[in-house]
Amino acid sequence: KTNLVIAIDGPAASGKGTLARLLAERYRLPFLDTGLSYRAVAQMLLSKNLPLDREELAAEEAGRVDLGRMDKAMLSLHAVGEAASRIAVFPMVRRVLVEKQRAFAQNPKGAVLDGRDIGTVVCPDADVKIYLTASPQVRAERRLAEIEARGGTGDLETIRKDIEARDARDSGRADSPLKPAADAHLLDTSELDIDAAFTAACAIIDKAL
Ligand code: C5P
């Protein structure tokens, strides 16, 4: 086997983006943060002052998303993530974006993708599936540390509530809810730092190869 597809799923602020990026480097694979594609749709609607609750409008913007041209800095805003989880409930939007994500995963080398539905919907045949979790408290602390490292401020309690609300929306939706695939390896990082999480993930992957 010459290609390797690695699926990383998990809730908001679970550290999956950081882990997926490190794994892509380690295994020399292209990397796609699928959350950015939902964020890109939300950002386009927000910037055009269009409503977030119209499925056809959102699907039209989804058609315009270019996975190779997503500006991470602009899309990382909290409000954009919040809006992304609203348009991510629409099946028409998901159908359009999932098709682009699958095309990315078809790379002859393989790929690392991170998101909410990679192991369940986008790449059900992935070679390795990892589902990252951490308690809402730990995730909120990490998110706050990240904000403070960039010179910002935030309130831990508010961040934790936001994270829990986003989890509820992502897990509760009918189309492609956030949940571990039956064959995913669960990795709880509540008590692991990023180095330890990376080491654990590499052990899972190397065993599966
Ligand atoms: O991971 P990130 O916070 O960037 O994702 C933003 C939102 O996009 C999530 O809250 C979720 O609603 C949606 N999303 C999704 N499926 C994915 C990736 C993200 O529904 N594969």
Side-chain angles (χ1 to χ4, degrees), residues 5-24 30-46 52-53 55 58-59 61-62 65 67 70-105 111-126 129-134 136 138-140 142-144 146-147 150 154 159-181 184 189:
V5 175
I6 303 175
I8 312 287
D9 289 299
S14 58
K16 59 190 187 311
T18 308
L19 177 66
R21 201 175 304 280
L22 289 172
L23 292 174
F31 165 57
L32 180 66
D33 172 353
T34 64
L36 287 182
S37 50
Y38 292 89
R39 285 170 180 265
V41 172
Q43 164 65 26
M44 289 192 282
L45 290 168
L46 291 171
L52 296 168
D53 59 356
E55 182 164 12
E61 297 301 336
V65 170
L67 297 186
M70 298 188 296
D71 178 1
K72 183 150 187 351
M74 199 168 76
L75 298 175
S76 71
L77 291 175
H78 179 73
V80 177
E82 183 57 32
S85 80
R86 293 179 187 274
I87 58 88
V89 303
F90 294 132
M92 283 170 68
V93 170
R94 304 201 68 86
R95 207 177 309 137
V96 172
L97 295 181
V98 165
E99 192 179 322
K100 294 176 198 258
Q101 293 159 6
R102 283 188 181 141
F104 184 94
V112 180
L113 287 83
D114 88 69
R116 303 289 189 293
D117 60 343
I118 309 304
T120 52
V121 174
V122 180
C123 302
D125 299 326
K129 302 178 183 179
I130 296 176
Y131 189 88
L132 272 193
T133 54
V138 166
R139 288 186 281 136
R142 287 182 189 156
R143 184 49 60 85
L144 179 58
E146 208 175 277
I147 293 168
R150 287 197 305 257
I159 294 173
R160 187 171 54 76
K161 288 209 176 96
D162 281 357
I163 282 178
E164 283 171 339
R166 183 108 76 86
D167 285 357
R169 195 180 299 136
D170 288 346
S171 310
R173 70 182 174 222
D175 188 351
S176 315
L178 168 68
K179 66 164 184 220
T189 68

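All of these numbers come straight from a predicted model, not from anything done at the bench. Order of appearance sets the numbers: ligands from 1, and atoms from 1 within every ligand. Here, residue 1 is the first one in the sequence, and each next residue gets the next number.
For Lys179, the NZ atom sits in a loose shell: 12 or fewer heavy atoms of surrounding residues, nucleotides or ligands are nearer than 6.0 Å.
Using a heavy-atom distance under 4.0 Å as the criterion, the protein contacts of ligand 1 are Lys16, Thr34, Gly35, Tyr38, Arg39, Ala84, Ser85, Ala88, Arg94, Gly115, Arg116, Asp117, Arg166, Asp170, Arg173.
Just one of Val121, Leu32, Val96 meets the side-chain contact (heavy atoms from CB on, under 4.5 Å) condition when paired with Gln101; it is Leu32.
Every residue meeting the salt bridge (Lys or Arg N to Asp or Glu O under 4.0 Å) condition with Arg143, not counting sequence neighbours, appears here in chain and number order: Glu146. Remark: Glu61 pairs with Lys48, Arg64 by the side chain to side chain donor-acceptor pair (under 3.5 Å) rule, at least two apart or across chains.
Between the side chain of Arg116 and the main chain of Leu178, no donor-acceptor pair closer than 3.5 Å is present.
Sorted by first then second residue, the side chain to side chain donor-acceptor pair (under 3.5 Å) pairs that include residues 72-81, not counting sequence neighbours, are His78-Asp162.
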